[in-house]
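Counting starts at 1 for both ligands and their atoms, following the listed order.
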Amino acid sequence: MHDSLFAAYGPQHWWPAETRFEMILGAYLTQNTSWKAVEISLGNLRRAGALTPDGLRALQLAKLQELIRPSGFITRKAPALKAFLAMLDAEFSGSLDRLANAPTAQLRVRLLSLPGVGPETADAILLYALGHSVPVADEYLRRIAERHRLIHPAPAKNRRGYDALVQLTADAFSADPAPDRARLFNEFHALTVAVGKAHCRLTPSCSGCPLACDLEESTPRA
Ligand code: SF4
């Protein structure tokens with residue numbers, strides 16, 4: 001799937017952010033909203049000088065809520081961003097480098113313990129902002145994997161369903177050299193979002209989809 005999608009769409013250059021901290025903000029803000037809405041919020045934060053830890057630290061909670069209003073859920077997302085910052089300051093001296101140097105498993109558990117951080121957000125932060133080699137799964141990948149009969153259907157947002165997708169992705173790239181895996185996980189996630197938006201929507205549009213051949217060859221997963 002990766003190779004077919006890469007041949008069709010080319011490199012996706014994800015995550016769309018200029019800095020690691022901006023990427024982390026985007027991972028929080030994109031929950032349950034469109035990327036267009038996130039871009040408006042990030043633009044507001046940029047103009048307010050709040051796309052850095054120092055800038056965000058200086059913002060009052062009410063002001064932060066106002067700036068991220070376009071991406072919704074402000075009473076949950078603004079305190080969640082402040083909680084991330086508090087953890088960064090208290091446990092990693094405010095340093096994203098120190099945070100990134102923590103062991104993957106330990107860091108994932110810590111991120112998941114923060115308010116407003118589910119597995120998809122934690123894994124996106126680990127992979128895209130902190131450079132850890134972990135797969136990221138999302139609704140697009142779930143749809144594709146179910147339609148290609150690679151996993152059994154599970155309710156949306158089901159934690160076991162998420163873990164199954166992550167395992168499926170990890171297994172699929174397990175033969176690739178370890179140093180390449182973070183790049184492959186990065187590109188594959190971005191490519192599945194691209195095909196999800198273009199073809200694998202709520203009603204699939206398989207005609208012309210780069211994965212249409214693969215669909216014909218798919219067999220049920222035991
Ligand atoms: S071939 Fe159809 S089911 Fe498969 S990814 Fe494309 S749109 Fe989705």
Side-chain angles (χ1 to χ4, degrees), residues 1-17 23 26-39 71-73 108 117-129 131-178 180-222:
M1 284 184 169
H2 169 277
D3 294 351
S4 299
L5 292 171
F6 192 81
Y9 297 139
Q12 299 297 295
H13 307 293
W14 268 37
W15 182 285
M23 187 271 128
Y28 274 86
L29 295 176
T30 197
Q31 295 167 2
N32 302 305
T33 195
S34 70
W35 187 253
K36 272 201 170 77
V38 174
E39 284 180 326
S71 37
F73 303 95
R108 190 171 193 268
V117 177
E120 185 182 337
T121 303
D123 289 338
I125 291 172
L126 281 168
L127 177 64
Y128 289 105
H132 288 244
S133 183
V134 297
V136 180
D138 65 4
E139 179 62 14
Y140 290 119
L141 182 59
R142 185 186 67 76
R143 241 183 245 159
I144 294 165
E146 282 187 12
R147 287 171 177 165
H148 288 249
R149 298 195 291 173
L150 297 170
I151 58 168
H152 295 295
K157 307 286 180 193
N158 175 284
R159 175 63 192 268
R160 283 179 58 205
Y162 182 89
D163 292 344
L165 281 173
V166 160
Q167 191 59 51
L168 183 70
T169 311
D171 290 348
F173 290 105
S174 62
D176 291 288
D180 290 343
R181 262 180 240 145
R183 179 182 55 77
L184 289 165
F185 291 148
N186 175 325
E187 199 67 77
F188 182 63
H189 177 54
L191 288 165
T192 55
V193 172
V195 74
K197 287 182 173 171
H199 289 278
C200 210
R201 299 183 289 265
L202 281 178
T203 302
S205 170
C206 299
S207 174
C209 175
L211 298 182
C213 294
D214 185 76
L215 182 63
E216 287 155 19
E217 293 164 4
S218 296
T219 52
R221 187 177 169 87

- Message: Working to the nearest 0.5 angstrom, can you tell me the gap between H199 NE2 and S207 OG?
- Response: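 Answer for the NE2-OG pair, H199 versus S207, is 8.0 Å.
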
- So how far is it from Y140 OH to R201 CZ, rounded to the nearest 0.5 Å?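 If we round to the nearest 0.5 Å, Y140:OH and R201:CZ are 9.5 Å apart.
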
- Query: Which heavy atom of the protein is the closest neighbour of atom 8 (Fe) of ligand 1, given with residue, atom name and distance?
  - Reply: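 Going atom by atom, the protein heavy atom closest to atom 8 (Fe) of ligand 1 ends up being C200 SG, 2.4 Å.
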
- Task: Write out the residue and atom name of the closest protein heavy atom to atom 5 (S) of ligand 1, then the distance separating them to 0.1 Å.
- Result: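 Closest protein heavy atom to atom 5 (S) of ligand 1: H148 NE2, 3.5 Å.
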
- Task: Could you tell me if any non-hydrogen atom of V195 lies under 4.0 Å from any atom of ligand 1?
- Result: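 No; V195 lies far enough from ligand 1 that no heavy-atom distance drops under 4.0 Å.
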
Proximal atoms of ligand 1 relative to [X] (non-hydrogen, under 4.0 Å):
X	answer
H199	7 (S)
A212	1 (S)
R147	3 (S)

- Item | Heavy-atom side-chain proximity of R108 to D123 below 4.5 angstrom |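 Of all side-chain heavy-atom pairs linking D123 with R108, at least one is under 4.5 Å.
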
- Task: Decide yes or no for V134 and F185: does some side-chain heavy atom of the first lie under 4.5 Å from some side-chain heavy atom of the second?
- Result: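 Contact flag for V134/F185 side chains = no.
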
- Message: Quick check against the 3.5 Å criterion: does R149 have a side-chain atom that pairs as donor or acceptor with the backbone of A145?
- Response: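 Not a single qualifying donor-acceptor pair exists.
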
- Message: Under 4.0 Å between a side-chain nitrogen and a carboxylate oxygen: does that hold for R183 and E187?
- Response: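 Result for this pair is no, no salt bridge flagged.
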
- Does C206 put an N, O or S atom under 2.8 Å from atom 2 (Fe) of ligand 1?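 Given the 2.8 Å cut-off, C206 counts as a ligand of atom 2 (Fe) of ligand 1.
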
- Kindly confirm whether atom 6 (Fe) of ligand 1 is within less than 2.8 Å of some N/O/S atom in C209?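 Under 2.8 Å: C209 contacts atom 6 (Fe) of ligand 1 through an N, O or S atom.
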
